[in-house]
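Each remark here refers to the structure printed beneath this line.
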There are 2 protein chains.
Amino acid sequence: MSVDERREQLIAVALELFSRRPPEEVSIDDIAAAAGASRPLVYHYFPGKQALYEASLRRAGRELSARFEEPMEGPLSERLFRVMGRYLDFVQSHGPGFAALLRGGSVAASPGTSAVIDEVRRAAHDQILAHLAVPAPSPGLRLTVRAWIANAEITSLEWLGERSVPLAELQLHLVQEFVASLTLTAAREPALAAELASFFADERPDGPSGLLVRDLAGLFAVPGILDAVTALASGRAPAAAEPVDEPSAQSTEGPAGAAPA
Amino acid sequence: MSVDERREQLIAVALELFSRRPPEEVSIDDIAAAAGASRPLVYHYFPGKQALYEASLRRAGRELSARFEEPMEGPLSERLFRVMGRYLDFVQSHGPGFAALLRGGSVAASPGTSAVIDEVRRAAHDQILAHLAVPAPSPGLRLTVRAWIANAEITSLEWLGERSVPLAELQLHLVQEFVASLTLTAAREPALAAELASFFADERPDGPSGLLVRDLAGLFAVPGILDAVTALASGRAPAAAEPVDEPSAQSTEGPAGAAPA
C-alpha cells in the first residue's frame with residue numbers, strides 16, 4: 001500500500017469502528033487490529049486517537065453531504081423523500097457511534113468536530129435552498145430550513161435510541177414536517193405565497209405532500225376540529241360556539257362553510 | 001458569609017460571567033475578582049474552572065426549568081406562549097455563553113454538562129405532556145414534543161447569532177410551530193383527533209392558534225395554492241389542472257369546492 005492508500009485505509013477502518021461504538025470504547029489497538037497494522041504504524045500516520053477520530057468524522061461528513069445531492073427534477077417533496085431515505089440509512093449505519101457527539105455530550109467533541117458538523121448542516125441548508133429555488137431567501141425562510149434540519153437530526157437520533165416507529169414512517173413524517181414548516185413560513189411571509197403555489201402545483205397525490213393534505217383533510221373533517229378551526233378562521237372563539245347551557249349554538253356552524261378561506 | 005453562602009455567591013458570579021462569554025474566555029481570576037474573593041478562596045470551594053462551570057450550568061438549568069412551570073389554566077397555546085416568553089428571555093440573558101455548549105462545540109462539554117442539558121430537555125418534555133393531558137402519549141407524540149423542543153433550542157440559538165427577526169415574532173412562531181406539529185401528529189394518529197378537537201375548542205381568535213389559522217386561511221385563499229391543495233385533497237395531481245396547452249382546465253376548480261375535507 002502507498003502512504004496515501006494506507007492512510008485512507010486506516011481512516012476507513014476507524015470510521016467503521018467509530019460508527020458502531022462511542023470513541024471512548026475504541027482504542028488505537030482496536031483500529032490497528034482491524035486494519036491488520038501495528039500500533040506504531042497507526043501512530044506513524046496519526047498523532048493519536050483524537051486525530052484519527054476527527055479524520056474519520058470528516059470522511060463521514062463528506063459521505064453524508066454527498067447523500068444530499070439530488071437531481072433538480074420532479075416534485076420537491078419526493079426529492080426530499082429520497083434524500084431522507086439516504087440520510088436515514090446513513091444514520092442507521094453510522095449514527096450509533098456519533099450520537100453522543102451530535103447530542104453534545106461526547107468526550108471527543110472539539111472545535112475540529114464541530115467544524116465538521118457545521119459543514120454538514122450548511123451543506124443540507126444550501127441543498128434545500130437550491131432545490132426551493134427561491135431567488136432571495138428571507139431570514140425567516142433560512143431559519144425555517146435550519147430549524148427543520150435540527151428537527152431531522154434530533155428526531156433521527158431519538159429514533160436510533162428507541163426505534164419506536166418504523167424507519168419508513170419517520171422518513172415520510174420528516175418530509176411532511178418540512179412541507180408544513182414551509183407552509184407556515186409562507187403564511188407569515190406573503191412574499192412566499194407564489195413560491196408555495198408553484199411548490200404545491202408540482203406535487204403529486206401519492207407523494208408526501210398529497211398524503212399529508214389528505215390526512216389533514218380527514219382530520220379537519222372531524223366535526224369538533226372543523227367547527228373550532230372554522231370559528232378561529234373567522235375570528236370567533238370556538239368555545240362560544242358550544243357553551244354548556246346552549247347546546248344548539250354549535251349547529252349554526254355547518255360543514256358547508258368549512259373552507260378555512 | 002457562611003460556607004454555603006460563599007459557595008452560592010461564587011456560583012452566581014460564575015453564572016453571570018459564563019452567561020456572557022464562552023468558558024475559555026473566563027478565568028478563575030475573573031471569577032475571584034468579580035466575587036471580591038481571592039484566587040485561593042475560589043480553589044478552596046471548587047477544584048477548578050470546570051467544576052465551577054458545571055455548578056453554574058446546573059444552577060442555570062434549574063432556573064430555566066423553573067421557567068417552564070405554568071398554571072394549568074387557559075388556552076394551551078397561550079400557556080406555551082407565556083413559557084416561551086420566559087424561555088427566550090433566559091436565552092437572551094444566558095445564551096451567549098452557553099451557545100457553544102448547546103451547539104456541541106464547547107471545550108467545556110462533559111458528561112456532567114450533558115446530564116444538565118438532558119435534564120432541562122426532559123423537564124420541558126414532561127411539562128408539555130402534562131399540559132397536553134393526553135392520558136397515554138404515543139411514541140409518535142413524544143417524538144413530536146422532543147423534536148419541537150430541539151427546534152425551539154436551535155432556532156433560539158440561531159436567533160442569538162443573527163437576531164434576524166424580532167424576538168416577539170420568534171416567540172409566536174415557535175408556539176405556532178408547536179400547534180402545527182401537534183396537528184400533523186394528530187393527522188397521522190387518529191387516536192389523537194379527540195385531543196386535538198378539545199385543544200382547538202379552548203383556543204381564542206387572537207391567541208397564537210387563532211392567528212395561525214387566520215394566516216393559513218389567507219394563504220389558502222391564494223388561487224394557485226387553493227387549487228393545488230384542493231386537487232391533492234381529492235387525490236388528483238394539481239399540475240393536471242393547469243397544463244400549458246389547456247389554460248381553461250384550471251377553471252373547473254372553483255373556490256366554492258375549497259374545503260380540504
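Since the structure is predicted, the reported quantities are computational estimates derived from the model, not experimental observations. Just so we're on the same page: letters track the sequence lines, and every chain starts at 1.
When all heavy atoms of A/Phe200 and B/Pro238 are compared, the closest pair comes out as O-CG, 3.3 Å. Pairing each heavy atom of B/Leu232 with each of A/Arg214, the nearest pair is O-CG, 3.5 Å.
Contacts of B/Leu219 with chain A are made by side-chain atoms alone, with heavy-atom separations under 4.5 Å and no backbone atom involved. Looking at A/Thr183, both its backbone and its side chain come within 4.5 Å of chain B, counting heavy atoms on both sides. When heavy atoms are compared at a cutoff of 4.5 Å, B/Glu153 does not approach chain A at all. Heavy atoms closer than 4.5 Å to chain B are found in both the backbone and the side chain of A/Ala193. Only the side chain of B/Leu170 comes within less than 4.5 Å of a heavy atom in chain A; its backbone stays farther off. Using a 4.5 Å cut-off between heavy atoms, B/Leu196 touches chain A through backbone and side chain atoms alike. Looking at A/Leu192, there are no atoms closer than 4.5 Å to chain B (heavy atoms on both sides), in backbone or side chain. Using a 4.5 Å cut-off between heavy atoms, B/Leu211 does not touch chain A at all. In this structure, chain A has a heavy atom under 4.5 Å from the side chain of B/Arg121, while its backbone stays farther away.
Among the candidates A/Arg142, A/Glu203, A/His173, A/Glu158, the residue making the largest number of heavy-atom pairs closer than 4.5 Å to chain B is A/His173.
Annotation: the span from A/Ile225 atom CD1 to B/Phe199 atom CZ amounts to 11.0 Å, rounded to 0.5 Å.
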